[in-house]
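I have placed the structure first, in the form of structure tokens, so that the comments after it can refer back to it.
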Amino acid sequence: MKVALEIIEFKKVYGTYPAVNGVSFSVEEGELFGLIGPDGAGKTTLIRALCTLLKPTSGSLIVSGMDSNTDILAIRNILGYMPQRFSLYQDLSVEQNLQFFADLFKVPAIHRTERLNRLYQFSRLESFKKRLAGELSGGMKQKLALSCALIHTPAILILDEPTYGVDPLSRQEFWEILKSIQQEGATILVSTAYMEEAELCDRVALMYNGKIIEINPPEKIKAEYPYPLYRCEGRDMQKLRNFFKNLEGIRQTQLFGNALHVSFSEKPSPGDWQKWQKQSGGDLKNWIDHEPSMEDVFLYLINQEIKDE
Amino acid sequence: MSEIAVQTSGLTKKFGDFVAVDQVSIDVKRGEIFGFLGANGAGKTTMIRMLCGLLKPTSGEGKVTGLDLYAESERIKQKIGYMSQKFSLYNDLTLSENIDFYGGIYGLNPTDIEFKKNQLLADLQLTPWRDKLTGTLPPGFKQGLALGTAMLHDPSIVFLDEPTSGVDPSSRRAFWDVIYQTASRGITVFVTTHFMDEAEYCHRISIMSTGKIIALDRPDNLREKYKLPTIQSVFVHLMRQASTH
């Protein structure tokens, strides 16, 4: 496999604050690679540096064999980038914005109609194509921005939280487009706050405090969750949560509307559950094994990091 | 106090020929966390604006905390809190100054503001941060404080319009802890979100498509009804179905 992106000991320091503090990894050609992490972890800084918009303080970034410090224009030629806040032309219509970006990226006329139709299908913006971009709702603006970024197919596509504020169905359809762009051979690096999107990537890197604390395929990351996790139901969930919080050997409690998720250091015995049912005064009604989600693992890994600091 | 916080029947809003909200009937109970889901442009914001007394309905009926949407919209405004992803505290004011500022806007007197401030900061375990700049707070806490600030005037309902867009999972969980505290005090929480895991946090959810409510139930009942594993898949299924009709 050839390497599309290679990040070697990359550091970016603002004043005395290290936004990214020594990160090394590589993304293979044709890979769909996800970047997740809490706000302020350094995701956007890393992305902007890969797009030649920031100079590293130290280390290097190699994009398709070219150095981001020296081959800036050549890199920009093969790279598509969608920033977190995209600047659309508010006083152009939906259609004019799309045509403008198609012109800018020299999309051949013969491909245009087909591509526009596909993008309209995912964005459901066709019936709004005469509307000014400035008059769209927030989520629709984001979908238009995405469509503009996807109007051409660069060799490497870098997207910074592209689905911010986009509804679940459009998100799913957007990811179907991403997958088909990947199948056409493009390499994609995408950051996201939606954990179900992280699960659609080939590999995911979890960033925290300027470092990468985990990098693996999603199913491998999910298998790392070490604690037995249960979903409990009952009467007064807030009271039930406080009850579990005060028990020994509880790792985490989390309310999920009409249910409570509890993780334990060790698997409780049937006797434990019966005892708790009595002790909770009937608040605990039933419990069942629950498979950890990407989010559970994300929080677990970050808590491990905080403890180690 | 009435046990029904929001009640609408056939509520409709048209802009010219465009029907943004089409015959919507819902009941939301006191202390309920009600999730209001839908595609971008489905009419969620229009619905919330009507319920907040900011927009007159075209037809249909509606009451918020027992007050009529047509005749008592000014009184409704005093009874509700509103927060969106765009509602932001001033980063360059301290926590204390932000609370003073918004307390003033809600017309509270300085003694009340001081009392509420101490209570709010204690509830959020932010008392040590009182004189720190708001911009230095971690995002989840900032959202929690923004919500607390939107409730300084003791509303009976809060409307949260995508309060966690762009907020990471750990911050979102911290924020939801504040929502649960709020609801357990009997305050109704009406929340829109595009995070389907958050939809699972709600007591009941409704799903809106082109102005209409196409599903309304407890998250677990919806999963069972459509035999699908997650609310994400229920949402996608219903939206696809709605768009082929």
Side-chain angles (χ1 to χ4, degrees), chain A residues 36-41 43 84-85 121 123-125 127-128 136-143 161 163-173 192-196 198 207-208 231 233 236-239 241 252-259 261 291 293-299 302-303 306, chain B residues 33 35 37-46 84-86 138-140 142 161-162 164-173 176-177 179-181 183-184 193-205 207 209 218-221 230-240 242-243:
Chain A
I36 58 176
D39 304 311
K43 304 186 296 291
Q84 223 165 17
R85 294 286 170 273
Q121 208 181 352
S123 65
R124 296 196 167 72
L125 285 175
S127 48
F128 297 94
L136 296 172
S137 79
M140 286 166 139
K141 271 186 190 157
Q142 193 69 7
K143 288 198 275 190
E161 295 202 14
T163 50
Y164 174 97
V166 174
D167 69 69
L169 178 58
S170 302
R171 280 208 308 272
Q172 178 159 330
E173 289 172 345
T192 182
Y194 294 99
M195 292 299 117
E196 85 263 9
M207 268 188 103
Y208 177 72
R231 178 184 166 91
E233 288 180 326
D236 185 333
M237 300 317 291
Q238 196 81 39
K239 260 172 71 190
R241 185 186 192 186
Q252 214 181 11
T253 60
Q254 178 69 34
L255 281 167
F256 273 82
N258 308 307
H261 287 193
E291 195 186 317
S293 67
M294 196 71 181
E295 184 171 311
D296 291 312
V297 191
F298 173 100
L299 294 170
I302 285 178
N303 281 333
I306 293 169
Chain B
I33 302 174
L37 319 180
N40 302 121
K44 301 188 299 291
T45 301
T46 304
S84 76
Q85 82 234 46
K86 286 171 203 123
K142 211 160 118 184
D161 198 1
E162 291 184 37
T164 54
S165 272
V167 179
D168 68 72
S170 38
S171 307
R172 286 196 286 122
R173 284 199 177 182
W176 272 85
D177 279 345
I179 293 188
Y180 280 115
Q181 279 172 28
S184 68
T193 180
H194 290 308
F195 288 99
M196 291 301 107
D197 55 335
E198 291 188 351
E200 310 258 3
Y201 297 172
C202 298
H203 296 136
R204 280 193 308 156
I205 56 175
I207 299 178
S209 169
R218 285 166 49 132
D220 47 353
N221 288 348
T230 58
I231 291 298
Q232 163 86 18
S233 44
V234 172
F235 184 98
V236 168
H237 168 76
L238 286 173
M239 284 295 152
R240 288 222 158 118
S243 66

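These figures come from a predicted structure and were not determined experimentally. Labels below follow one simple rule: chain letters A, B, ... track the order of the sequence lines, proteins then strands, and each chain is numbered from 1.
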Exercise. Between atom OG1 of Thr193(B) and atom NZ of Lys44(B), what is the distance when rounded to the nearest 0.5 Å?
Worked result: 9.5 Å
Would you give me the side-chain donor-acceptor pairs under 3.5 Å for residues 232-239 of chain B, sequence neighbours excluded?
| unit_1 | atom_1 | unit_2 | atom_2 | d |
| --- | --- | --- | --- | --- |
| Ser233(B) | OG | Thr230(B) | N | 3.2 |
| Ser233(B) | OG | Thr230(B) | O | 2.8 |
| Ser233(B) | OG | Thr230(B) | OG1 | 2.9 |

Problem set entry | Full working for side-chain contact (heavy atoms from CB on, under 4.5 Å) between Asn221(B) and Arg204(B) | CA-CA 9 Å; Asn221(B) 288 348; Arg204(B) 280 193 308 156; over 6 Å; no
For this session: Spell out, as yes or no, whether a donor-acceptor pair under 3.5 Å connects the side chain of Asn40(B) to the backbone of Asp167(A).
Result: yes
Problem set entry | Option in His194(B), Gln181(B), Met196(B), Arg218(B) with maximal non-hydrogen atom pairs under 4.5 Å from chain A | His194(B)
For this session: Counting only heavy atoms closer than 4.5 Å, note whether Arg172(B) contacts chain A via side chain, backbone, both or neither.
Result: side chain
Problem set entry | Leu299(A), part contacting chain B, at a heavy-atom distance under 4.5 Å | side chain
Exercise. Under 3.5 Å, side chain of Arg231(A) to main-chain N/O of Ala259(A), donor-acceptor pair present?
Worked result: no
Seminar exercise, completed: Comparing Met237(A), Arg171(A), Met140(A) against chain B, the one with the most heavy-atom pairs below 4.5 Å turns out to be Arg171(A)
For this session: Specify which of Asp220(B), Asp177(B), Thr45(B) makes the most heavy-atom pairs with chain A at under 4.5 Å.
Result: Asp177(B)
For this session: Quick one: which of Arg124(A), Gln172(A), Met195(A) has the most heavy-atom pairs under 4.5 Å with chain B, could you say?
Result: Gln172(A)
